[in-house]
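I have placed the structure first, in the form of C-alpha cells, so that the comments after it can refer back to it.
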Amino acid sequence: MSIGYACLAIGVPDTKIKSCVIKNASCENLLNLISHNLNALENIIEYNIKNDIKLFRISSDIIPFASSPANKLNWQTIFEKRFAEIGNKIREGGIRVSMHPGQYTVLNSPDPNTVKRAVDDLYYHAEVLDSLRVNPQNKIILHIGGIYGNKKLATERFLKQFNLLDETVKQRIAIENDDKCYNIEDVLQIGNILNIPVIFDNLHHAVNPSGRVESDPHWISLCSSTWKLKDGRQKIHYSQQDPLKKSGSHSRSIEISKFLSYYNSHNSKDTDIMLEVKDKNCSAVKCINCLAADRRISRLEHEWSRYKYLVLEKSHPDYNKVRLLLKDKESYPALAFYSIIESAINKDSSRGDAVNAAMHVWGYFKEKATEREKALFLAKTDAFLMDKIPLANIKNNLWRLAVKYDEPYLLESYYFAY
DNA sequence: TGACGTCAAGATCCG
DNA sequence: CGGATCTTGACGTCA
C-alpha cells in the first residue's frame with residue numbers, strides 16, 4: 001500500500017513547476033521552462049524518495065502547451081536523456097507515478113474538434129510517461145466527460161472514441177467517477193465493458209452517488225476486480241470536504257483521525273491511495289507516518305523540525321504540548337502528535353505569539369545579518385505590533401534572509417509554506 | 001454570458 | 001523600488 005499526493009510539493013525548495021501565457025510561448029521560452037520543470041520534477045522525486053512517498057501524480061503542466069499548436073517543439077527528442085534519467089530515479093525509488101488530464105479533456109464530446117483536442121492531450125500524457133520509460137501500471141486517470149442531454153448516447157460515444165485510441169495509450173488509462181455526471185456505478189459499467197481499471201473517488205461519490213446505495217468499502221471492492229495484474233495495485237482517490245467551502249471542495253489538510261477510521265473501515269488494505277488535498281505532501285507524510293510499520297520517533301522529530309515555528313506562531317501552549325510528547329524516545333505517539341498540530345494550525349495566532357515565532361526564526365540571522373537587515377526586521381515587527389503591516393510582510397522578509405544565508409533548516413520549514 | 005477549478009503569470013496600484 | 005492586490009489565461013460544459 002502506498003500513499004501519495006498530486007503535482008506539487010509544499011515547502012520543498014526548487015520544485016515549482018512553471019508555465020507562461022500563450023503569447024509568451026516562444027520556442028526559447030518553452031525550452032527554458034521545460035528544462036526548469038524537469039529539474040523541478042527530479043527534485044520532487046528525490047524528495048519523495050527521501051520521505052518514503054511511493055505514489056505521485058505528475059503535473060500536466062510539465063510541458064507547457066504540450067497538446068496545443070502553440071508548442072511546436074520536439075520535446076520528446078530534445079529532452080530524451082533528461083526524461084530517461086528522471087525515469088530511472090522513479091523506478092529505482094520504487095515510485096509509482098500517474099497523470100490526470102483535467103475536466104477540459106473531454107473524449108465523449110459531440111464536437112469532433114473537442115474530441116481531437118482530447119485525443120491529442122491523451123497522447124501527450126502517454127508520451128510523458130513513455131519518455132520516463134515507466135510501465136503501464138503508471139496510469140493516466142480520465143473522467144468520462146459530459147452528458148449532453150442523453151447519458152446513454154454520451155456513454156456510447158466514450159466507448160467508441162476510447163476504442164479508436166492506440167493500444168499504447170489505452171493500456172495506461174484508468175477512469176474515475178466525477179462529482180457531476182458519471183457516478184461510480186456508471187464508471188464501473190464502462191470499465192467492465194472496456195476492461196480497464198476504475199478509480200473510486202470518495203468525495204466525488206459523496207457528492208454524486210449512485211442510485212444504488214452501498215457502502216464505500218463495497219464500491220472499492222467492486223472496483224478492485226477491474227484492476228488486473230498488468231495494471232498494478234488497485235488505486236483510489238481520497239479527500240475530505242472543506243467545512244467552509246462548497247460541497248465537493250477539497251480540505252486544506254487531511255484530518256488524520258477521519259482518515260484512519262476510513263482506512264480501517266475498508267478491508268482491501270493493499271490499495272494505493274492518492275490524496276487530493278491542498279497541503280499536498282504535508283498530508284501524505286502525515287498519513288504515511290501514522291500507518292508506518294517502522295515506528296521510530298525520529299520520523300516525528302523530523303516532522304517537528306518542519307512544523308515547529310508554524311505551531312509556535314499559532315499557539316505557544318500547543319508548541320509546549322508537542323515538546324513534552326516527543327520527550328519519550330521509545331514511544332511513537334504519531335496520532336497525538338498530528339492531532340495537536342492540526343488543532344494548532346486551525347487557530348488564529350495572537351500578535352504576541354506571531355512575533356515570538358518570528359523572533360525564533362530571526363535567531364538564525366541575528367549574528368550574520370547586516371545593520372540594515374537588523375533595522376528592517378525590528379521596524380517590521382514594531383509595525384506589525386501596531387497593526388500597520390500584515391504578518392506575511394515579516395515572514396516574506398525572513399524568507400528572503402533564509403534564502404540569502406542559505407539556512408536549509410528554514411528553507412524546508414512549513415512556517416513559510418502554510 | 002458567467003460559473004465552475006486551478007494557481008501562476010502578468011498587470012496594476014500603492015507607499 | 002519592493003510589495004500587495006487584482007485580473008487573466010486556457011480549457012469545455014451547462015444553467
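Below, chain A is the first sequence line, B the second, and so on; all start at residue 1.
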Margin query: If you assign A/G146 and A/F65 each to the DNA chain C nucleotide with the nearest heavy atom, which residue ends up on the more 5' nucleotide?
Written below: A/F65
Check: Tell me, which pairs form a ring pair (Phe, Tyr, Trp, His ring centres under 6.0 Å) where one or both residues lie in residues 141-188 of chain A, sequence neighbours left out?
Finding: A/H100-A/H143, A/H143-A/H204
Check: When the ring centroid of A/Y364 is compared with that of A/Y405, is the distance short of 6.0 Å?
Finding: no
Notebook entry, point to check: Of all of residues 201-211 of chain A, which get a heavy atom below 4.0 angstrom from DNA chain C, listed by number?
Noted result: none
Checklist line | Integer-rounded Å distance: C/dA10 P and A/I63 CD1 | finding: 17 Å
Margin query: Without decimals, in angstroms, what is the distance between A/D121 CG and C/dA10 P?
Written below: 15 Å
Check: Within 45° of the ring axis of A/F416 and under 6.0 Å from its six-membered ring centre, is that where the NZ or CZ of A/K395 lies?
Finding: no
Note to self: Please check if the number of heavy atoms outside A/K366 that lie under 6.0 Å from its NZ is greater than 12.
What the structure shows: no
Next item on the list: Assign a letter to each nucleotide of nucleotides 1-15 of chain B from its 5' end: B, base within under 4.0 Å of a protein heavy atom; S, sugar-phosphate only; -, no contact.
Entry: ---BBS--SSS----
Quick test: give all pairs of protein nitrogen or oxygen and nucleotides 2-6 of chain C nitrogen or oxygen below 3.5 Å, distance rounded to 0.1 Å.
from	atom 1	to	atom 2	distance (Å)
C/dG3	OP1	A/R400	NH1	2.7
C/dG3	OP1	A/R400	NH2	2.2
C/dG3	OP2	A/R400	NH1	3.1
C/dA4	OP1	A/N393	ND2	3.2
C/dA4	OP2	A/N396	ND2	3.1

Margin query: More than 12 heavy atoms of other residues, nucleotides or ligands under 6.0 Å from CZ of A/R212: yes or no?
Written below: yes
Notebook entry, point to check: Can you name the residues that form a ring-ring contact (aromatic ring centres under 6.0 Å, His included) with A/Y309, not counting sequence neighbours?
Noted result: none
Check: With the threshold set at 4.0 Å, does a side-chain nitrogen-carboxylate oxygen contact exist between A/D231 and A/K139?
Finding: yes
Check: For residues 72-83 of chain A, which residue pairs qualify under side chain to side chain donor-acceptor pair (under 3.5 Å), counting only residues two or more places apart or in two chains?
Finding: A/N39-A/R82, A/E42-A/R82, A/N74-A/T77, A/Q76-A/E127, A/R82-A/E85
Next item on the list: For A/S109, answer base if it contacts any base atom (sugar-phosphate contacts may also be present), sugar-phosphate if it contacts only those atoms, and nothing otherwise; contact means non-hydrogen atoms under 4.0 Å.
Entry: sugar-phosphate
Next item on the list: Measure the distance from OH on A/Y182 to P on C/dT13 and round it to the nearest whole Å.
Entry: 11 Å
Item checked: With A/W304, the ring-ring contact (aromatic ring centres under 6.0 Å, His included) member among A/Y338, A/Y409, A/Y319 -> A/Y319
Margin query: Main chain of A/G232, side chain of A/K235: is a donor-acceptor contact present, judged purely on distance under 3.5 Å?
Written below: no
